[in-house]
**Student:** 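One structure coming up, written as structure tokens, with questions to follow.
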Protein chains: 2
Amino acid sequence: MARRLKTPPQPKRNLDARKATILEAVVVEHIDTAQPVGSSSVAQSADLAVSPATVRTEMVALEREGYLAQPHTSAGRVPTDLGYRYFVDHLEAGILGSAQQKQIREFFAHVRGEVEDVLEQTSILLSHLTNYTSVVVGSGHSHASVLSVQLVNLDARHHLLVTVFSDGTVTKHSVLATFEASHVEVSEASRQLNALLIGTTLESKVQVPSRHDVVAKLVREAVAVLHAEMPTLEGEQVYIGGSSRVAEVFEGVETVRKVLGILEEELLVVSLVEDILDKGISVAIGSEHGYEPLSSCAVIVAPVSLEGETIGAVGLLGPTRMKYREVMAAAEAVSQHLTRHFGGDDPRA
Amino acid sequence: MARRLKTPPQPKRNLDARKATILEAVVVEHIDTAQPVGSSSVAQSADLAVSPATVRTEMVALEREGYLAQPHTSAGRVPTDLGYRYFVDHLEAGILGSAQQKQIREFFAHVRGEVEDVLEQTSILLSHLTNYTSVVVGSGHSHASVLSVQLVNLDARHHLLVTVFSDGTVTKHSVLATFEASHVEVSEASRQLNALLIGTTLESKVQVPSRHDVVAKLVREAVAVLHAEMPTLEGEQVYIGGSSRVAEVFEGVETVRKVLGILEEELLVVSLVEDILDKGISVAIGSEHGYEPLSSCAVIVAPVSLEGETIGAVGLLGPTRMKYREVMAAAEAVSQHLTRHFGGDDPRA
DNA sequence: TGTTAGCACTCGATTTTACCGAGTGCTAAC
DNA sequence: GTTAGCACTCGGTAAAATCGAGTGCTAACA
């Protein structure tokens, strides 16, 4: 409403020291209390030896410059998205509580199982750690190469194409043929598929046989089915932890509903996270990410990489007044542990 | 509170016609309006030509017998769980709106893809259909037999055991060896594993080689890893559709949080659904299912079967004042379509 | 005996009013 | 540039007033 000014009033990216201190004090207190912050409490809390009146004049300026807003006359000030942005940009890296450090270390010392399981568990860890909803994204295998394929026949016309990729993922695809094939033909097709596909990626062009016999038809069919998955974001894995936190952390049923609705759309979540990563930022506040229904949210992301390549990300979603310092530290720590976990001892599992 | 009487006062399972009509009227109206229902509106709506005063005396009786409750003196009546129970038990099978029938038909005419995808899509369909949160459960493959196994090596010590089951599911398990194995040894192990496991189920005892060479050790390791999954509910698939509905359908943040919290625990959801199925009922109201945090919910389930065997279930979760007739009809219809879908044209995919 | 009109009564929900006080903006003095 | 002082605003809370849906009871009625 009134908070969104027509002329985003020249956000000069630097505030003089006192303004900055005041802004920070407002943000910190508002994050803590969820209430508008008045001049006097700022005058006290921040260690600038200055009267509330002075703080007030500064606040007027900060409001004019778009960092603060007033819910109504004669209320305290509330940070705008821009205000949070400044706060976050000037945040010195937070340090994680030792209890949480321990929790993370223990977690990674004990996790077992497939990548998928680890990622899912991690999402739970993150939401426990922060009390916000977490998102863990593992990239698809578009760049991974095929290690092995196998065509298994279920009955005469239904076959299952099972593919193992170099990144340890396994996919299955039904192959429904219009013709019948014998066991022998299926295993021959399987053999040919292996010869054909091993070492290729889903992006590679493959020379399929053009013959008209059953085996060749099977092979063509299988390759087609496998490659059909390519274009979309398919293969991306998304794990959401602690979606129930949404209900505690946002006020207003409507907001809760909207946020939960978004979280249901996995594709959307993936692209949200990837968009943010692409922009090279680690926090998207309010409408910065451009997803309207999430305009009252802040999203924190941290990439997980393997050999220099980004193979996933962890994210946390909360209200714009979230505990940035702690949460960013947690995201950072977990993403590093994940990176190490996959890169270090055991790349794929 | 006052609603839970100490002596569940002899719920005689049969009410005379008039009481039944009144109870039904109360339930119907309360489901519709979410408000306590007064005697006069019942007197009007139900087609018993009787004055509000009479209705009132009957209501007193119904309350004494535990079917109705009063939020406070001088408010209307609200059904108790027992009231809903009676209502549901005496519900003639609802018939689905034709728009919805069409939606279901079109859905099943067009779904493609693996079982998992179909189940996931189905959960979305169900929640769209009913505006409640849906749960689709696919059973594990403890009874399915192995169609094919394959050991793929990622590097000298890490291998991936990929297993295809007769029900079309595919699992993968990391096999971490303490020793190195060559390509040749791995494929030999793979061959032996096939010979050993094909046709067995996860419950079968398998005679593993006791030799001490690399191949034998690999085989033993692989079998161990595969069979380790057995005891738990692992392999069960759960798909939850429309969890954001929780926020619209329940009032009170606290309830929403609790319900979402439950939905996060997949194992819990599975056992909830299976418990209800085991009891042979299709609706669990309030505390009937014994999961305390869900005491303000009703859960509707319908089994999905294949060749007489229950292979899964669909469920819907809403407040006790949910639209039983419509929702039960929807659950019924979808479960039948699913049954047909898997049983009829294509058992596995 | 079951039904009903009549009626006093209850009590939550809604509205009204009053009031408090945190917080503001402004001004004049320092 | 800073600050004390001050009048003013206005949301939040509490108390009071009001409303009315719905009740339980009783006495008359069929």
Side-chain angles (χ1 to χ4, degrees), chain A residues 1-3 15-23 25-30 32-80 83 251-252, chain B residues 1-3 15-23 25-30 32-80 83 251-252:
Chain A
M1 314 296 139
R3 200 176 301 180
L15 299 171
D16 62 77
R18 198 167 65 183
K19 280 213 186 72
T21 319
I22 292 178
L23 176 54
V26 172
V27 172
V28 168
E29 184 169 335
H30 182 256
D32 194 46
T33 65
Q35 299 292 326
V37 181
S39 54
S40 54
S41 61
V42 171
Q44 283 193 316
S45 73
D47 46 353
L48 18 79
V50 134
S51 80
T54 313
V55 173
R56 232 138 44 206
T57 26
E58 294 287 48
M59 279 173 137
V60 174
L62 283 168
E63 181 167 3
R64 188 160 13 91
E65 293 168 41
Y67 295 98
L68 293 180
Q70 237 178 339
H72 59 86
T73 351
S74 94
R77 299 307 208 288
V78 159
T80 59
E251 55 245 28
Chain B
M1 314 296 138
R3 200 177 297 181
L15 298 172
D16 63 79
R18 195 167 68 182
K19 280 213 186 72
T21 319
I22 292 176
L23 175 55
V26 172
V27 172
V28 168
E29 184 168 337
H30 182 255
D32 194 47
T33 65
Q35 299 291 329
V37 180
S39 55
S40 53
S41 61
V42 171
Q44 283 192 316
S45 73
D47 46 352
L48 16 80
V50 135
S51 80
T54 312
V55 174
R56 231 134 49 202
T57 29
E58 295 287 48
M59 280 174 137
V60 174
L62 282 168
E63 181 167 2
R64 188 160 15 90
E65 293 169 42
Y67 295 98
L68 293 179
Q70 238 178 337
H72 59 85
T73 352
S74 93
R77 297 308 205 291
V78 159
T80 60
E251 56 245 27

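So you know, we letter chains A, B, ... as the sequences are listed, proteins then strands, and number each from 1. We use all heavy atoms of the structure for the numbers below, so side chains are in, but hydrogens, waters and symmetry mates are not.
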**Student:** Can you name the residues that form a side-chain contact (heavy atoms from CB on, under 4.5 Å) with A/T33, not counting sequence neighbours?
**Tutor:** A/E29, A/Q35
**Student:** Starting at CZ of A/R56 and ending at P of C/dG23, how long is that distance when rounded to a whole Å?
**Tutor:** 10 Å
**Student:** Applying the side chain to side chain contact (heavy atoms under 4.5 Å, CB included) criterion to B/I22, which one of B/V37, B/V27, B/L48 satisfies it?
**Tutor:** B/L48
**Student:** Counting only side-chain nitrogens and oxygens, does A/R77 get under 4.0 Å of the OP1 or OP2 atom of C/dG25?
**Tutor:** yes
**Student:** Of all the heavy-atom pairs spanning B/A25 and B/V42, show the shortest one and how long it is.
**Tutor:** CB-CG1, 4.0 Å
**Student:** Starting at CZ of B/R64 and ending at P of D/dT23, how long is that distance when rounded to a whole Å?
**Tutor:** 16 Å
**Student:** Would you say the side-chain atoms of B/T54 pair up with the backbone N or O of B/V50, donor to acceptor, closer than 3.5 Å?
**Tutor:** no
**Student:** Judged by atom type as modelled, is there a donor-acceptor pair below 3.5 Å linking the side chain of A/S40 to the main-chain atoms of A/P52?
**Tutor:** no
**Student:** Mind checking side-chain contact (heavy atoms from CB on, under 4.5 Å) for A/A53 and listing every partner two or more places apart, or none if nothing turns up?
**Tutor:** A/S51, A/R56
**Student:** Rounding to an integer number of Å, can you tell me how far B/L68 CG sits from D/dG24 P?
**Tutor:** 11 Å
**Student:** So which protein nitrogen or oxygen atoms get under 3.5 Å of nucleotides 1-4 of chain C's nitrogens or oxygens?
**Tutor:**
unit_1, atom_1, unit_2, atom_2, d
C/dT3, OP1, B/R18, NH1, 2.8
C/dT3, OP2, B/R18, NH2, 3.0
C/dT4, OP2, B/S51, N, 3.1
C/dT4, OP2, B/T54, OG1, 2.4

**Student:** Should stems be defined as at least three consecutive Watson-Crick or G-U pairs with both distances under 3.5 angstrom, which of them involve DNA chain C?
**Tutor:** C:1-30 with D:1-30
**Student:** Are any side-chain N or O atoms of A/T80 and backbone N or O atoms of A/A69, one a donor and one an acceptor, separated by less than 3.5 Å?
**Tutor:** no
**Student:** Restricting to non-hydrogen atoms, name the atom on B/V78 and the atom on B/P36 that form the minimum distance, rounded to 0.1 Å.
**Tutor:** CG2-CA, 3.9 Å
**Student:** Could you list the residues that satisfy side-chain contact (heavy atoms from CB on, under 4.5 Å) with B/A61, not counting sequence neighbours?
**Tutor:** B/K19, B/R64, B/E65
**Student:** Using whole Å, what does the distance between atom P of nucleotide D/dG24 and atom CE of B/M59 come to?
**Tutor:** 9 Å
**Student:** Send over the distance from A/K19 NZ to D/dG1 C1', rounded to a whole Å.
**Tutor:** 13 Å
**Student:** Using a cutoff of under 3.5 Å, can you pull out all pairs of nitrogen or oxygen atoms linking the protein to nucleotides 10-13 of chain D, with atom names and distances?
**Tutor:**
unit_1, atom_1, unit_2, atom_2, d
D/dC10, OP1, A/T73, OG1, 3.3
D/dC10, O4', A/S74, OG, 3.3

**Student:** B/Q70: what forms a side-chain hydrogen bond (donor to acceptor under 3.5 Å, both in side chains) with it, not counting sequence neighbours?
**Tutor:** none
**Student:** Find the distance A/Q35:CD to C/dG21:C1' and express it as a whole number of Å.
**Tutor:** 14 Å
**Student:** Counting heavy atoms not belonging to B/D47, are there more than 12 under 6.0 Å from its CG?
**Tutor:** no
**Student:** What is the distance from CG of A/L62 to C1' of C/dG23, rounded to the nearest Å?
**Tutor:** 17 Å
